[in-house]
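The shown structure was predicted, so the numbers you read here are calculated from the model rather than taken from an experiment. Naming convention: chains lettered A, B, ... in sequence-line order (proteins, then strands); numbering from 1 in each chain.
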There are 2 protein chains.
Amino acid sequence: MRYHKIPSETIKRLPVYLRGLVLLCNKEVGRVSSKVLAELVGINPWQIRKDFSYFGGFGTRGVGYEIDELIGQIKKILKIDRVHKTALVGVGHLGQAVLAYPGFVGYGFTIAAAYDNDPEKIGKVIDNIRIEPIKNLKKLDKRDIEIGIIAVPFQFAQIIADQLVEAGVKGILNFAPAYITVPKKVKIISIDFALDLACLPYYLNSK
Amino acid sequence: MRYHKIPSETIKRLPVYLRGLVLLCNKEVGRVSSKVLAELVGINPWQIRKDFSYFGGFGTRGVGYEIDELIGQIKKILKIDRVHKTALVGVGHLGQAVLAYPGFVGYGFTIAAAYDNDPEKIGKVIDNIRIEPIKNLKKLDKRDIEIGIIAVPFQFAQIIADQLVEAGVKGILNFAPAYITVPKKVKIISIDFALDLACLPYYLNSK
DNA sequence: AGATGTGAAGTCTTTCACAGCC
DNA sequence: GGCTGTGAAAGACTTCACATCT
C-alpha cells in the first residue's frame, strides 16, 4: 500500500462500522463480508472496502473480515484502544444523559469529573461521580484528563471552553449551541441537534 | 441565476448562519457583510456568498446583507418559516433535555406530544406536555404531527420508528445509537454523539 | 472604494470495474 | 466461485479570482 492521506469522511465512518461490528460480535459470528456489514450499517460495500484499504486492508480475499480483529484494528486507528478520561461541565438534563449514556464506556471513555454551578447539585453523586463546583476546574490539570465535555447554556460555553483549555485538555466535545474558538492545538467537535433538526423540513415531502 | 442542484452541505450550513444572524438581530445591527458573518460563525466569507448564490443571492453589492431579510429567506428555504409539530418518544434524560431545549422553538418546532413506557412518568406533565403511554402512538395520525423524535434505548429504536411511520410522520430525528431504516418517503436524521466523540482521540496531539 | 455574485480551477470523496488472492 | 483491494473515472464540494454593482 502506498501513502495516502486518509479522508476525514473515512474517519467519521469508522465508529459506525465499529457499532455494527460490536453487534455481530455478540452473536458469535466469526467473520463478516463487506456486503453483510454494509447492510447492517447502511453504507455501500465498496465504500467500506475502500475505507479499510487506506490502512492496508484488514480482510482475506474470498473470505471476508475476522470480526474481532477488525474491531481491534479500528479501535487502534481511532486510538480508542485505551481509556480516555473526560470531564463533564454542566449536569443539567443533557449532562445527565451523557453521564448515563452506555455508549461512552464501549468506546473507551470514562467520565472522571463533573462540574456544575447549582448549589443544589454540588456535592451530590450521580452515576458514581461527585459533582464539584465549577471553580474546581482550575485544578483539573492534576488529573490526567484529556477531554472536556461542555453541556452548559450557550452564553457560558466559550468561558468554559477557555477554562478547559487552560486546564490542559487536548480535545473538547461541545453540546452548547454556540460557535466557540480554541487554540489550534486543541481539537473541538460541536454537536447542536437543533442544527440537524432544522434541516429536516427542507427534505420533507409536503403533499 | 441558472439552475444548480443545491449541495447538501450548503443546506447543513444554513442553520449555522441562522444561529449567527439571530444573535446579531438582537443587537439592532441592520446589516452584515459576509466577512463579519464569517467570523461570527466560523465559515469562510466566500463559502457564505457561494451558498447564498445558489438561491440567487440575498445581498446588495458594495453594501452587504439586510439581517432581517436574510433570516426570512433562510427560514423560507429550510421551510421553517412556519411551525412544525413534533412527537417525542422516550422521556428519559435525553428526552427531557429535548423538551427543555430552547433552540427548538427558535427554529419553528413545537413538541405536541410525548410518549414513554414508564408507568411512573405516564400522566405527568413536563414542560407543559402530558406524557402518554406508547400505545397511544397509533392515534398520532389524527394530530397533524409531521416529525417524530426518537429518544429511546437502541433496542427499541427500529420498532418505534416503524410505529411513527405507520402513524404518518414525514420525518424522524433519531437519537438512539442504532442504524434504522424507513421507507424512502420518510426522511431520517440520526444523531449519535458517541460516534462523534469516538473520532476525537484520533485527532488529539499526544505529546 | 467596497462588498456581492459566480464561472473556473482545484481539491476531496465516492463510485466503478476488475485484478488478485483464497 | 467468491470476496477483497485498488487504480482510475466520475462526481461533489470548496476555493479562487475577478467581473459586477452600489
- Counting just side-chain N and O atoms, does B:Arg13 come under 4.0 Å of either OP1 or OP2 of D:dT14? yes
- Task: In whole angstrom, give the distance that lies between atom CZ of B:Arg31 and atom P of C:dA3.
- Result: 11 Å
- Message: Assess, by modelled atom type and distance only, whether the side chains of A:Asp192 and B:Tyr101 contain a donor and an acceptor separated by less than 3.5 Å.
- Response: yes
- Task: Indicate the ring-plane relationship of A:Phe193 and B:Phe175, choosing parallel, tilted or perpendicular according to the 30° and 60° boundaries.
- Result: perpendicular
- Side-chain contact check for B:Ser33: nearest option of D:dA17, C:dA3, C:dT15 is C:dA3
- Task: Measure the distance from CZ on B:Arg49 to P on D:dA19 and round it to the nearest whole Å.
- Result: 15 Å
- Message: With side-chain contact (heavy atoms from CB on, under 4.5 Å) as the test, pick out the partner of B:Leu173 among B:Leu88, B:Ile191, B:Val98.
- Response: B:Ile191
- Message: How many whole angstroms separate atom NZ of B:Lys35 from atom C1' of C:dG5?
- Response: 18 Å
- Message: Between C1' on C:dA3 and CD1 on B:Ile48, what's the gap in Å once rounded to a whole number?
- Response: 13 Å
- Task: Whole angstrom is fine here: how far is it from NZ in B:Lys5 over to P in D:dG11?
- Result: 13 Å
- Item | Among C:dA8, D:dT6, D:dG5, the nucleotide that comes nearest once only the side chain of A:Lys50 is considered | D:dT6
- Task: Count the heavy atoms of every other residue, nucleotide or ligand shown that sit under 6.0 Å from NZ of B:Lys121, and state whether that count exceeds 12.
- Result: yes
- Indicate, with a heavy-atom threshold strictly under 4.0 Å, whether B:Tyr65 touches base, sugar-phosphate, or nothing. sugar-phosphate
- A:Gly171 to B:Leu200 - nearest heavy-atom pair and separation: C-CD2, 4.2 Å
- In whole Å, what is the span from the CH2 atom of B:Trp46 to the C1' atom of C:dA8? 16 Å
- So what does B:Ser8 touch, heavy atoms closer than 4.0 Å: a base, only the sugar-phosphate, or nothing? sugar-phosphate
- Item | Phosphate OP1/OP2 of C:dT15 contacted by A:Asn44 side-chain N/O (<4.0 Å) | yes
- Note on the structure: Closest of D:dT6, D:dT4, C:dT4 to the A:Ser34 side chain is D:dT4
- Message: Can you measure B:Glu9 atom CD to D:dG11 atom C1' for me and round it to whole angstrom units?
- Response: 14 Å
- Item | Ring centroid separation B:Phe58 to B:Phe52 under 6.0 Å | yes
- Query: When you match B:Gly64 and A:Thr10 each to their closest nucleotide on DNA chain C, which lands nearer the 5' end?
  - Reply: B:Gly64
- Under 3.5 Å, side chain of B:Ser53 to main-chain N/O of B:Gly56, donor-acceptor pair present? no
- Message: Just the rounded figure in Å: distance from P of D:dA12 to CD of A:Gln47.
- Response: 14 Å
Report each atom pair, protein N/O against N/O of nucleotides 20-22 of chain C, whose distance is under 3.5 angstrom.
from	atom 1	to	atom 2	distance (Å)
C:dG20	O4'	A:Arg61	NH1	3.3
C:dG20	N3	A:Arg61	NH1	3.3
C:dC22	O4'	A:Arg61	O	3.0

- Task: Using a 4.0 Å heavy-atom cut-off across all strands, classify B:Phe52 as base, sugar-phosphate, or nothing.
- Result: nothing
